[in-house]
Novice: 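One structure, as structure tokens, below. Some questions next.
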Amino acid sequence: MLIGNNKILLVFTFLLLSCSQAESQKKNAVWVKDKINGISFVAPPRVVDDAWSVEIKNIQAGWVAIIPYAFSNVNEPAVIYHPERQYWGESLEGVKATIKQAHANGLKVMVKPQVWLQRGAWIGSFDLATEAQWQQWEQDYEKYILTFAQLAKQEQADMICIGTEYRNAAIKRPQFWLRLIADIRKVYSGKLTYCANWDDYQQITFWQDLDFVGISGYFPISEAKEPSVKELVKAWKPYQQQLAKFSKEVAKPILFTEYGYRSMEQPAWKSWEAEYQKRNINQQAQANAYEALFLSLWKEPWFAGGFAWKWYSSFRRMNPIQNDDWTPQNKKAQAVIKAYYEKY
């Protein structure tokens, strides 16, 4: 009888351990059930109707990023947001209207307040010399972000991206970002992310306080003028493995808060460099780059999806054959996006 009781005890203990391990794995899981099939919307300069959101919905997108810019200078602390002097789509009125238009057509919304450095500098190079300057910048930046946190709450936006590519500010001032996240969560209950650059996301220390590891997914993977999908999928492998490992380490899903390619030669290389202006238009190269990204990442359970860069409210008046911009609108890449967004 004692042996029988011991057997029962062993079985019971085994079941408890199995349940405990299963629960632990569940807590640590970063699997994503529903992909964020998103588009980044360019704020329109003037009032628009909802045609843009219908077009985005028609390519099977489920999300849109609304982006009200502010401005700074590279070594100055001020964050300048003057809605009355900026595009209508960047004003409080315009952001509210475009969120309503998106929601009315079944799109979820990420509000993505973003700072643009004047004179063409990249926001990652933004840096300050003194503690007093950093404190002034923190006050200005928090005011800017909390303005849109309140708006996101009022309009029931689904996510906020709290910053974009602020390399030095994000790495040097981690305590500020932790306070900012806490202050946002006091007024806003939706999802939060931050948009790190593709080459510094591993240096960000506040991912645990966010819902997604947000990355600008402009990984340079091929110097070829018109790389094949097969070549690009192979080139993605090292980055794919790196991203999977990092997602597991921080127990957070990866979200490309921006991703995309220009419709020109060498679309999957260093597209931010000035010499890119010299490349020839190539829609097929852009489409190949999109397809390889979808094949490499969208099926991964740790990958949440992303927001393709970018979509204009007025692009239907432009000639895509003569356009080398990032937008996939009316180009071969649009059909690729639609096919994979529909699939996932």
Side-chain angles (χ1 to χ4, degrees), residues 30-40 59-61 63 65 124 165 193 195-204 207 212-273 276 279 282-310 326-328 331-344:
V30 294
W31 286 29
V32 176
K33 182 180 178 182
D34 298 316
K35 296 298 180 186
I36 294 175
N37 293 331
I39 299 290
S40 300
I59 64 164
Q60 305 302 313
W63 284 73
E165 299 176 5
T193 189
C195 178
N197 203 45
W198 65 271
D199 61 349
D200 63 25
Y201 68 91
Q202 296 178 76
Q203 297 172 264
I204 304 301
W207 293 126
F212 299 94
V213 173
I215 301 174
S216 280
Y218 303 112
F219 293 83
I221 59 173
S222 173
E223 293 186 69
K225 288 185 177 180
E226 189 180 313
S228 69
V229 173
K230 184 177 179 180
E231 290 172 322
L232 290 168
V233 168
K234 182 179 179 180
W236 261 112
K237 287 293 183 184
Y239 289 121
Q240 180 192 49
Q241 293 166 1
Q242 184 186 90
L243 290 166
K245 181 182 177 184
F246 189 75
S247 176
K248 184 177 180 181
E249 287 174 357
V250 298
K252 300 285 180 180
I254 304 292
L255 173 67
F256 278 5
T257 32
E258 291 180 22
Y259 76 93
Y261 305 95
R262 292 180 67 172
S263 52
M264 55 179 11
E265 294 174 344
Q266 284 190 303
W269 194 233
K270 300 178 181 179
S271 49
W272 54 87
E273 293 183 347
Y276 241 72
R279 287 160 173 73
N282 191 323
Q283 283 195 34
Q284 189 60 52
Q286 180 192 37
N288 289 353
Y290 266 103
E291 184 161 9
L293 186 149
F294 289 130
L295 288 170
S296 299
L297 297 179
W298 243 256
K299 66 182 182 296
E300 297 296 332
W302 46 264
F303 188 73
F307 293 83
W309 189 266
K310 54 190 176 174
W326 293 86
T327 182
K331 302 175 184 177
K332 293 180 179 180
Q334 178 174 310
V336 174
I337 293 172
K338 181 177 180 179
Y340 282 93
Y341 276 9
E342 189 170 27
K343 182 177 180 180
Y344 293 99

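Residue indices begin at 1 and follow the sequence shown.
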Novice: Which distance, rounded to the nearest 0.5 Å, do you find between the NZ of K237 and the CD of Q241?
Specialist: 7.5 Å
Novice: Ring centroids only, cut at 6.0 angstrom: are F256 and F303 within range, meaning strictly under it?
Specialist: yes
Novice: Testing the 3.5 Å rule here: is there a donor-acceptor pair between the side chains of E226 and N282?
Specialist: yes
Novice: Is there a side-chain contact between K310 and E258, using heavy atoms and a 4.5 Å cut-off?
Specialist: no
Novice: Keeping the roles fixed (side chain from T257, backbone from I215), state whether a donor-acceptor pair exists under 3.5 Å.
Specialist: yes
Novice: Treating E342 as the side-chain partner and A339 as the backbone partner, does any N or O pair qualify as donor plus acceptor under 3.5 Å?
Specialist: no
Novice: Would you please test W236 and F219 for ring pair (Phe, Tyr, Trp, His ring centres under 6.0 Å) and show each step?
Specialist: CA-CA 9 Å; W236 261 112; F219 293 83; 5.6 Å; yes
Novice: Just wondering, do P220 and W269 contact through their side chains at under 4.5 Å, heavy atoms?
Specialist: yes
Novice: Considering all heavy atoms of both residues, which atom of E300 and which atom of K35 are nearest to each other, and what is their separation?
Specialist: O-NZ, 2.7 Å
Novice: Measure the shortest side-chain to side-chain distance between W302 and K248 over non-hydrogen atoms and say whether it is less than 4.5 angstrom.
Specialist: no
Novice: For P267 versus A285, what's the shortest heavy-atom pair and its separation?
Specialist: CG-O, 3.4 Å
Novice: How far apart are the closest heavy atoms of I337 and A308, and which atoms are they?
Specialist: CD1-CB, 4.4 Å
Novice: How far apart are the closest heavy atoms of G38 and Y341, and which atoms are they?
Specialist: O-OH, 2.7 Å
Novice: Is it the case that more than 12 heavy atoms not belonging to K299 sit under 6.0 Å from its NZ atom?
Specialist: yes
Novice: To the nearest 0.5 angstrom, please state how far the OG atom of S296 sits from the CD atom of Q240.
Specialist: 6.0 Å
Novice: Main chain of K252, side chain of S247: is a donor-acceptor contact present, judged purely on distance under 3.5 Å?
Specialist: yes
Novice: Between atom CZ of R279 and atom CD of E265, what is the distance when rounded to the nearest 0.5 Å?
Specialist: 8.5 Å
Novice: Search all heavy atoms of T193 against all heavy atoms of F212 and return the closest pair with its distance.
Specialist: OG1-O, 3.0 Å
Novice: With a 3.5 Å cut-off and no angle check, do the side chains of Q283 and S263 form a donor-acceptor pair?
Specialist: no
Novice: Begin with the C-alpha distance, continue with both residues' side-chain angles, and end with the deciding distance and a verdict on side chain to side chain contact (heavy atoms under 4.5 Å, CB included) for V233 and F294.
Specialist: CA-CA 9 Å; V233 168; F294 289 130; over 6 Å; no
Novice: Do you know which of W272, F307, Y290, Y218 makes ring-ring contact (aromatic ring centres under 6.0 Å, His included) with W326?
Specialist: Y218
Novice: Mind checking the CG-CG spacing from L243 to L297? Nearest 0.5 Å is all I need.
Specialist: 6.5 Å
Novice: Hey, are Q60 and Y344 close enough side-chain-wise for a donor-acceptor pair under 3.5 Å?
Specialist: no
Novice: Keeping W309 on the side-chain end and R262 on the backbone end, is there a donor-acceptor pair under 3.5 Å?
Specialist: no
Novice: Within the 3.5 Å criterion, strictly below it, is a donor on Y340 or E291 matched to an acceptor on the partner's side chain?
Specialist: yes
Novice: So I221 and L232, do their side chains get closer than 4.5 Å, heavy atoms only?
Specialist: yes
Novice: Any idea which heavy atoms bring E231 and S228 closest together, and the distance?
Specialist: OE1-N, 2.8 Å
Novice: Assess, by modelled atom type and distance only, whether the side chains of Q286 and K331 contain a donor and an acceptor separated by less than 3.5 Å.
Specialist: no
Novice: Step by step, would you call I204 with V213 a side chain to side chain contact (heavy atoms under 4.5 Å, CB included)?
Specialist: CA-CA 9 Å; I204 304 301; V213 173; over 6 Å; no
